[in-house]
Amino acid sequence: MKELVNKLKGDRVIWSFVALLALFSFMPVFSASSNLAYIGHGTGNTLGYLIKHLAHVCIGFLIIYWVHKVPYHYFRAISKIALPVVWLLLLYTLLKGTVIAGANASRWIQVPFIGITFQTSTLAASVLFIYVARYLSKTKEENEPFQTSFIQLWVPVFITLALILPANFSTTALIFSMVMMLTFIGKYPLKYIAFIIGSGIAMLAFFLLVAKAFPESRFFSRVSTWESRIMNFTTDKPDEDDYQIEKAKIAIASGRLGGLGPGKSVQKNFLPQSSSDFIYAIVVEEYGLVGGVSILVLYLLLLFRFVIASHKANTLFGKLVVVGLGFPMIFQAMINMAVAVELLPVTGQTLPLISSGGSSIWMTCFSLGIIISVTKKEEEIAEEQEEKARRKEALQRLIDKELAEEDLPNNEKEEIYEEEAMYSIEDNSRNPMNAVLNK
């Protein structure tokens, strides 16, 4: 175990907070999955869901380990290549996506030959944030005109958001807000940011007008759901979303200070999406105000660590990558908690590292791996470069030896081959010691 820990590079505090959140997630997921177990096979046995969550978390930590070994500046070029691929995946999801849990939204695709589903918008968000960080760091000293930046920066952003919006308004709004924050931190001109915000609002209004004109189209099927959620949030009109909020509030009120105890939640049997979107309500019901506040503090400490990591980063790209990948993770957690206590309308955002769901955990871990790669210390980077140089030098020696042998006259080559044959350990004689004795 000590050797494994020593192999982990980067900010050990971030590693610790991530491990704490992941370890804590097992009990709430194990408890809250009973509703899914009853619906799925009628037994209420949640062991299968616990094993599935364990597999997701283990794969997630392998992703963190592999990604944090990669120098983070490699992702500059990768983001530019990956963005068109992401657009194709989003388009395929929009047209042929899979619907899960009866939702009228195609947000997932099924991976061939494996049978698992993957939410493409989570991958799109991470790639887009890296792309925006790359552009802002590249143009920091160039002062490009707005027309050029609009084509190179904002057209890719709006294409990505347009492909996510029909199925997932909350994710679209979160990504757009985080991009605006990233451009503000990256010293993008404020007058251009104001223009982009106005353009985004105008495009959203146009989308809603088209949705009103063609209400039967499958591309606008989620608009009525958005309207009902906003209406239920602002009024007392009963509906399914209002039912979810009421059950979540009952769960939170039942928890009081110390909670009912692990696995003793009552509302998990009535609350839809109790293991994902509303898992925070189950956490408070079982662990009380103490458990709920502890989770909140962990996320805030992780945010504080992201700020420190961004400040210590050696390059502007590194600073922007930490902000672009770390801050959305924390804001998503805040949104999930705010929905559970009815501070925001129902959004469908999961609680990072705690809610069940493979694609959410994996893409969170992918982002964390890049952030940890940025936090590597100078000596760790030097050690990796030294090891790389040693391997390169050893390979070069082998190449030089081969080239030197090829340049020798034929008679000298024959002498070398004869000398090597004399020291061969292969011997077909009856005495197995002849090879050693001859040497």
Q: Kindly write out the residues that satisfy side-chain hydrogen bond (donor to acceptor under 3.5 Å, both in side chains) with Thr347, not counting sequence neighbours, or none if the list is empty.
A: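 Residues passing side-chain hydrogen bond (donor to acceptor under 3.5 Å, both in side chains) with Thr347: none at all.
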
Legend entry - Candidate pair Tyr280 and Ser355, rule side-chain hydrogen bond (donor to acceptor under 3.5 Å, both in side chains), full reasoning: CA-CA 9 Å; Tyr280 187 69; Ser355 295; over 6 Å; no

Can you sort out the partners of [X] under ring-ring contact (aromatic ring centres under 6.0 Å, His included), two or more places apart, ordered by chain and number?
X      : value
Phe30  : none
Tyr287 : Phe24
Phe17  : none

With sequence neighbours excluded, give me every side-chain hydrogen bond (donor to acceptor under 3.5 Å, both in side chains) pair touching [range].
range            : value
residues 15-27   : Ser25-His53
residues 321-331 : none
residues 297-311 : Asp11-Arg305

Quick one: closest heavy-atom pair of Ile282 and Ser265, and the distance?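 Distance-wise, the nearest heavy atoms are CD1-OG, 3.7 Å.
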
TODO: Would you mind listing every ring pair (Phe, Tyr, Trp, His ring centres under 6.0 Å) that reaches into residues 173-197, with sequence neighbours excluded?
DONE: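 Residue pairs with at least one partner in residues 173-197: Phe146-Tyr192, Phe146-Phe195, Trp154-Tyr188, Tyr188-Tyr192.
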
- request: Could you list all the ring pair (Phe, Tyr, Trp, His ring centres under 6.0 Å) pairs where at least one residue sits in residues 325-359, not counting sequence neighbours?
  value: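 Every pair satisfying ring pair (Phe, Tyr, Trp, His ring centres under 6.0 Å) with a residue in residues 325-359: there are none.
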
Heavy-atom side-chain contact between [X] and [Y] under 4.5 Å:
X      : Y      : result
Gln332 : Thr350 : yes
Leu94  : Leu90  : no
Leu325 : Ile130 : yes
Leu260 : Glu285 : yes
Lys264 : Glu286 : no
Val210 : Phe207 : no
Leu50  : Leu54  : no
Ile193 : Pro189 : no

Task: Met181 and Val323: CA distance, side-chain angles, deciding distance, side-chain contact (heavy atoms from CB on, under 4.5 Å) verdict - done: CA-CA 9 Å; Met181 180 196 68; Val323 172; 3.7 Å; yes

Say whether, by atom type as modelled, one donor and one acceptor occur between the side chain of [X] and the main chain of [Y] under 3.5 angstrom.
X      : Y      : value
Lys268 : Ser275 : no
Ser367 : Met363 : yes
Thr171 : Asn168 : no
Ser356 : Val29  : no
Trp362 : Ile59  : no
Ser31  : Met27  : no

Under the rule for salt bridge (Lys or Arg N to Asp or Glu O under 4.0 Å), what residues qualify as partners of Lys312, not counting sequence neighbours?
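Checked Lys312 against salt bridge (Lys or Arg N to Asp or Glu O under 4.0 Å); zero matches.
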
Going by the rule salt bridge (Lys or Arg N to Asp or Glu O under 4.0 Å), which residues pair with Arg76 if we only count those two or more places apart in sequence or in a different chain?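 Salt bridge (Lys or Arg N to Asp or Glu O under 4.0 Å) check on Arg76 returns nothing, list empty.
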
If I take atom [atom1] from residue [X] and atom [atom2] from residue [Y], how far apart are they, to the nearest 0.5 angstrom?
X      : Y      : atom1 : atom2 : value
Ile252 : Phe278 : CD1   : CZ    : 9.5 Å
Ile335 : Leu351 : CD1   : CG    : 11.5 Å
Ile175 : Ser121 : CD1   : OG    : 6.5 Å

Taking only distance into account, with no hydrogens and no angle test, what donor-acceptor pairs under 3.5 Å do side-chain atoms of residues 155-167 form with protein atoms, sequence neighbours excluded?
unit_1: Thr160; atom_1: OG1; unit_2: Trp87; atom_2: NE1; d: 2.9
unit_1: Thr160; atom_1: OG1; unit_2: Pro156; atom_2: O; d: 2.8

Salt bridge (Lys or Arg N to Asp or Glu O under 4.0 Å) for Arg390 and Glu393? Distances and angles first, verdict last. CA-CA 5 Å; Arg390 285 199 303 267; Glu393 184 180 351; over 6 Å; no

side-chain hydrogen bond (donor to acceptor under 3.5 Å, both in side chains) for Gln267 and Ser254? Distances and angles first, verdict last.
CA-CA 9 Å; Gln267 299 305 316; Ser254 303; 5.2 Å; no

- Message: Before you tell me yes or no, could you show the steps for Val57 and Phe26 under side-chain contact (heavy atoms from CB on, under 4.5 Å), namely the whole-Å CA-CA distance, both residues' side-chain angles and the distance that decides it to 0.1 Å?
- Response: CA-CA 10 Å; Val57 171; Phe26 287 100; 4.2 Å; yes

Next on the checklist: Under a plain distance cut-off of 3.5 Å, with no hydrogens placed, do Thr93 and Thr120 share a side-chain donor-acceptor pair?
Outcome noted: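 Yes, side-chain donor-acceptor contact under 3.5 Å.
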
Test side-chain contact (heavy atoms from CB on, under 4.5 Å) on Leu320 and Arg134; report intermediate values, then the result. CA-CA 8 Å; Leu320 294 176; Arg134 167 195 166 275; over 6 Å; no

**Report entry** Pair Phe304-Leu300, side-chain contact (heavy atoms from CB on, under 4.5 Å): steps then yes or no
**Finding:** CA-CA 6 Å; Phe304 179 69; Leu300 292 177; over 6 Å; no

